[in-house]
Number of protein chains: 2
Amino acid sequence: MPAMQVSRKVDYALRAMIYLSFQEGGQPCSVGQIASDEGIPKKFLEKIIQDLIHHGFVHSTRGAQGGYTLARNAGTITFKDVIEAIEGPVSLNVCVGESGERSDNICTLYPRCAMLSVWQEAQNRVMDLFASTTLADVRTRHGALPRVADDVVAG
Amino acid sequence: MPAMQVSRKVDYALRAMIYLSFQEGGQPCSVGQIASDEGIPKKFLEKIIQDLIHHGFVHSTRGAQGGYTLARNAGTITFKDVIEAIEGPVSLNVCVGESGERSDNICTLYPRCAMLSVWQEAQNRVMDLFASTTLADVRTRHGALPRVADDVVAG
DNA sequence: TTATATAAGACTTATCAGGTCTGAATAGGG
DNA sequence: CCCTATTCAGACCTGATAAGTCTTATATAA
Ligand code: FES
Ligand code: FES
């Protein structure tokens, strides 16, 4: 019923990346740590992080005391990067976004459609935001990393 | 694979509404007419239009020579109206939008999540656009109504 | 050599998008 | 009054996918 919603995978991926950005320069974090602090199913998160590794955003250390760290500086990783790594290109409608170039056989009226410009504008608005927001940006805005357990204390 | 995409239903609904807005004041249009001009599966469109009728956006005339017309002025119907009628409230992530008010038990970190503000900003950007764009707006920008058949002529 | 991690990938399950099909009810024309 | 064009209501179908689990293998610190 809710429209245009991002998948859980993307949500989890971003939470994990933000989590790691708060630990930048420190010890690697295990998947168990991240999963419980962020309230994410552990096995599911494990798979998501693999995707992030394969896209070069996360570095892993195997074995005991192992875990994950950011592979690049938090200031160089944008929301767009993470979203596209996990879900592929964002496209608010079939005829806009990365796939929009060859959508003349997907969308019957392309490119003379009356509402095409509206979808393009919407696409630009969100992509501008996602492309210009880095992990470092949200870290800066938030002094401390919120955790699930904190709510118990705060509650 | 494409992320955050609107459903075909919404796309079809908007096309049909724009189509009707071009006929404003004229004869009712049958579902067959709209479907073939816009390249939409007829039976599917029939159901979609029923939703639009139930939400008060479309008026129907039954029987021979019957069909559909806009129930309200094209200048008073926004993209937001149509999208929400068909798909329910837009919410780019589980914690924003209409359902965002009581999302403290959906989203584990709400409302102290580090990235919540980013999703809220994205939500605002697209909703501002959808809420301020009416059917009359896109009709004005486009002189004539594009149809599937026109492409054959235009070659 | 054991406990602690990640790595890879097959597997499951329920929901749902995107339709289709059937059979009404309604209205205009002859 | 009947035929045809149309909308209306709702059940039904089908393949894909989101969201997650399970299993086994591999690496490494202590
Ligand atoms: S909706 Fe895709 S070109 Fe119009
Ligand atoms: S993602 Fe929902 S509150 Fe953070």
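Being a predicted model, the structure only gives us computed values, none of them experimental. Chain letters run A, B, ... following the sequence lines, proteins first and then strands; every chain starts at 1.
Remark: T61(B) is not in phosphate contact with dT7(D), judged by side-chain N or O atoms under 4.0 Å from OP1 or OP2. Contact annotation: Q65(B) side-chain N/O to dA5(D) OP1/OP2 distance is not under 4.0 Å. Phosphate contact (OP1/OP2 of dG19(C), side-chain N/O of Y12(B), threshold under 4.0 Å): present.
Here the nucleotide nearest the side chain of F44(A), chosen from dA3(C), dA8(C), dT21(D), is dT21(D). Of the candidates dT6(C), dT20(C), dC8(D), the closest approach to any side-chain atom of V31(A) belongs to dT6(C).
Following rounding to the nearest Å, D51(A) (CG) and dA19(D) (C1') show an atom-to-atom distance of 14 Å. The CD atom of E46(B) sits 14 Å away from the P atom of dT22(C) (whole-angstrom rounding).
No contact: H59(A) has no heavy atom under 4.0 Å from any strand. Counting non-hydrogen atoms under 4.0 angstrom, G32(B) reaches nothing in the nucleic acid. Nucleic acid contact class of I53(B) (heavy atoms, under 4.0 Å, all strands): sugar-phosphate only.
Put simply, CD on E84(A) and NE2 on H55(A) are 9.5 Å apart, with the number rounded to the nearest 0.5 Å. We find the SG-CG distance between C113(A) and D11(B) to be 7.5 Å, quoted to the nearest 0.5 Å. The line from NE2 of H59(A) to CZ of R72(A) is 14.5 Å long, rounded to the nearest 0.5 Å.
Taking only distance into account, the side chain of R62(B) meets the base of dA25(C) through a donor-acceptor pair shorter than 3.5 Å.
The aromatic rings of F130(A) and F79(A) sit parallel, their planes meeting at an angle under 30°, below the 60° perpendicular limit.
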